[in-house]
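Working notes, structure below.
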Amino acid sequence: MKLNKNLIISFVVILSILITSIGCAPQEDTEDEGNQQPQDNQQEDQNKKAEIPSPDEMILAAEEWKEKYPLIYESYQLTSRYKDGVTENPELGGSHPLDYLKEYPDIKVLYDGYGFSKEYYAARGHYYALNDVINTARPKPGASCLACKSADYEKLIAEYGDDLYAMDFHKVSQEAEYGLTCYTCHRNEPGQVQATTPQFNVTVEKLDFELKPGTEACAQCHVEYSMDSETKEVILPWDNGLEVGDIESYYDDMDFYDWKHPRTGTPLIKVQHPEFETYTGSVHDKLGVTCADCHMPTMKENGEEYLSHWAKSPLKTVEESCGTCHSSEIDGLTEKVENIQKETEEELLEIGAMLVQLIEEFGSALENEHLDDETINELWDLHRKSQYRWDFVFVENGNGFHNSEKARKTLDEAKDYAQQALDILSEFQ
Ligand code: HEC
Ligand code: HEC
Ligand code: HEC
Ligand code: HEC
């Protein structure tokens with residue numbers, strides 16, 4: 001049985017936001033090692049600021065590039081592939097709307113009081129990003145939810161300024177002409193990666209290393225974020241670094257929480273989709289492999305090579321995505337990945353059950369007024385730490401594969417904190 005097939009994605013989410021100054025887009029070659037990708041590196045030069053096109057000429061539609069890059073254009077259109085019930089092997093790739101609430105009933109308890117306890121589907125292809133966010137039942141705090149769903153976001157900021165973030169989502173989304181398109185990763189210069197999401201462009205300078213274009217393009221959105229409680233600006237919590245503990249300390253320092261659990265009152269953090277943070281520091285990252293190397297490999301059609309723009313599970317293109325390095329073990333590679341995912345899933349289920357028990361016992365002890373303030377504070381702290389770590393791995397879309405070491409360590413800590421809380425609670429039974 002494959003427990004984990006379609007993973008724990010988290011995407012259907014709101015993303016979002018901010019700031020008018022968009023900077024730092026690559027114009028020139030600096031790229032060197034590692035990247036086994038198409039050459040003639042159009043890489044990046046941190047000192048260059050790309051000009052944002054003026055609002056009336058701002059976004060060229062994907063169709064404009066159809067003639068010049070037919071194979072890329074067609075492959076990009078395949079991100080719509082699962083429309084109308086077209087499915088390939090559903091065991092691989094997770095590209096149909098898997099309902100997490102049915103699959104993982106524990107999350108109704110863990111996310112009680114928060115939007116994800118109402119609706120939570122797995123991510124699909126990029127083609128659907130805008131439609132899917134418009135159609136979720138989860139409440140949307142503001143127009144900043146469009147930041148990772150529509151190429152029009154920069155243009156909307158140019159029009160409305162910082163007021164945009166908190167504006168009515170449904171009203172503003174009617175003005176969005178495009179979803180995720182070529183412009184999102186290239187502006188109007190396909191071939192060069194130019195990040196366009198404002199939250200990424202204002203935060204990336206805090207990192208003490210440079211991103212390769214094949215990772216930068218994705219780190220615009222496949223990241224953890226929060227929203228400023230007043231302005232609804234999207235914030236990337238990178239001030240202290242990208243490690244699980246760094247992000248936690250960033251939130252702790254500002255007493256941040258996404259919601260309080262209705263049974264226990266614990267101020268909790270809801271993690272989003274920290275693919276980039278998880279991947280950073282992994283075996284493959286250290287080798288210089290980028291997100292695009294695995295997810296958008298070079299394909300061949302009628303003898304012509306092109307860079308696939310059908311961002312999807314690399315398990316569908318193992319030969320092309322992994323063959324350069326793992327050629328001698330290609331046959332067993334998918335199984336290796338799945339073993340890591342399965343191990344991760346089992347741990348997640350076990351810790352999820354511990355957290356359910358924690359919430360129930362903590363809730364009843366509070367109702368029965370068994371706990372003094374000091375104990376309550378201590379339990380809040382342990383619950384917050386444990387659930388944050390469980391969530392960090394649960395919502396990450398590689399299901400452990402992107403960085404098995406980090407996933408394991410994070411889950412060990414989650415388990416340890418949950419156990420400490422349960423030990424304390426057992427004294428009050
Ligand atoms: C070494 C190859 C590799 C690299 C590099 C890599 N991934 Fe993945 N990624 C995978 C594999 C394998 C899966 C699991 C796919 C599956 O279970 O079908 C996956 C799953 C995903 C998924 C879920 C896809 C799905 O259809 O279920 C997303 C989203 C994702 N990765 C994003 C990223 C991002 C963003 C980066 C860079 C920060 C990245 N990946 C780097 C191999 C890679
Ligand atoms: C989600 C981000 C994303 C989107 C959307 C996107 N691209 Fe790309 N594109 C990339 C990345 C990443 C690369 C590889 C950059 C690198 O590694 O140097 C790339 C490379 C390219 C290249 C250079 C290919 C080569 O062989 O060197 C072209 C041309 C291109 N894209 C065209 C397009 C067109 C046309 C569209 C829309 C139909 C599009 N892209 C949409 C991320 C994107
Ligand atoms: C502008 C934001 C944005 C950028 C940039 C972006 N993604 Fe995504 N990605 C999304 C969203 C949103 C979804 C989920 C769409 C849905 O379910 O409607 C998604 C879904 C995916 C999936 C799941 C697809 C499936 O069929 O299940 C993969 C894989 C993925 N992205 C990889 C990448 C890679 C690799 C890059 C960089 C080359 C990238 N993404 C860049 C927002 C983004
Ligand atoms: C640039 C070369 C390179 C590419 C591309 C690459 N790998 Fe790896 N991979 C390595 C090396 C080196 C290691 C570490 C040695 C080992 O365990 O084989 C590794 C390790 C692994 C491991 C064990 C990791 C762990 O956490 O225990 C798995 C599984 C794996 N790779 C799968 C893949 C898959 C699947 C792809 C394609 C989607 C891929 N690799 C692409 C070089 C690569």
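In each ligand, atom 1 is the first atom listed, and ligand 1 is the first ligand listed.
Contacts of Thr290 with ligand 1, taken as heavy-atom pairs under 4.0 Å, involve the backbone alone. If you look at Leu307 next to ligand 2, the close heavy atoms, those under 4.0 Å, all belong to the side chain. Residue Lys68 does not touch ligand 2, judged by heavy-atom distances below 4.0 Å. If you look at Cys291 next to ligand 1, the close heavy atoms, those under 4.0 Å, come from the backbone and the side chain alike. Under 4.0 angstrom from ligand 3, the non-hydrogen atoms of Cys218 come from both its backbone and its side chain. Contact annotation: for Gln220 versus ligand 3, heavy atoms closer than 4.0 Å belong to the side chain alone. Residue-level proximity to ligand 1 for Leu315 is carried by the side chain, the only part with a heavy atom below 4.0 angstrom.
Distances from atom 30 (C) of ligand 3 to the heavy atoms of His222, Glu275, His273 put His222 nearest. For atom 19 (C) of ligand 2, the nearest non-hydrogen atom from the set Glu216, His186, Gln77 belongs to His186.
Considering backbone and side-chain N/O of Gln341, one or more are found under 3.5 Å from N/O of ligand 1. For ligand 1, the polar-atom distance check finds an N/O of His402 within less than 3.5 Å of one of the ligand's N/O atoms. The N/O atoms of Lys149, backbone and side chain alike, include none that comes under 3.5 Å of an N/O atom in ligand 3. Remark: ligand 1 and His284 share no N or O pair separated by less than 3.5 Å (distance only, no angle test).
His126 lies close to atom 8 (Fe) of ligand 3, since one of its N, O or S atoms is found at a distance under 2.8 Å. At least one N/O/S atom of His309, whether from backbone or side chain, sits less than 2.8 Å from atom 8 (Fe) of ligand 2. When distances to atom 8 (Fe) of ligand 3 are checked against a cut-off of 2.8 Å, Cys221 contributes no N, O or S atom below that limit. Residue side and main chain included, His295 places an N/O/S atom under 2.8 Å of atom 8 (Fe) of ligand 1.
Residue contact annotation: Gly125 has a non-hydrogen atom under 4.0 Å from ligand 3.
Atoms of ligand 2 lying under 4.0 Å from any heavy atom of Leu180, numbered from 1 in the order shown and given with element: 5 (C). Listed by atom number, the atoms of ligand 2 under 4.0 Å from Trp65 heavy atoms are 35 (C). Numbered from 1 in the order shown, with element, the atoms of ligand 3 that lie under 4.0 Å from a heavy atom of Thr184 read 1 (C).
Salt bridge Lys409/Glu413: present, at least one basic N to carboxylate O contact under 4.0 Å.
Put simply, CG on Leu71 and CD on Glu304 are 5.0 Å apart, with the number rounded to the nearest 0.5 Å.
Ring geometry, His402 versus Tyr279: the interplanar angle exceeds 60°, so the pair is classed perpendicular (tilted spans 30 to 60°). The aromatic rings of Phe392 and Tyr388 sit perpendicular, their planes meeting at an angle over 60°, well past the 30° parallel limit.
The stretch residues 239-256 participates, sequence neighbours left out, in these salt bridge (Lys or Arg N to Asp or Glu O under 4.0 Å) pairs: Lys206-Asp239, Glu243-Lys406, Glu248-Arg389, Asp252-Arg384.
In this structure, the side chain to side chain donor-acceptor pair (under 3.5 Å) partners of His383, at least two apart in sequence or on a different chain, are Thr266, Gln387.
You'll find the ring centres of Trp238 and Phe276 inside the 6.0 Å limit.
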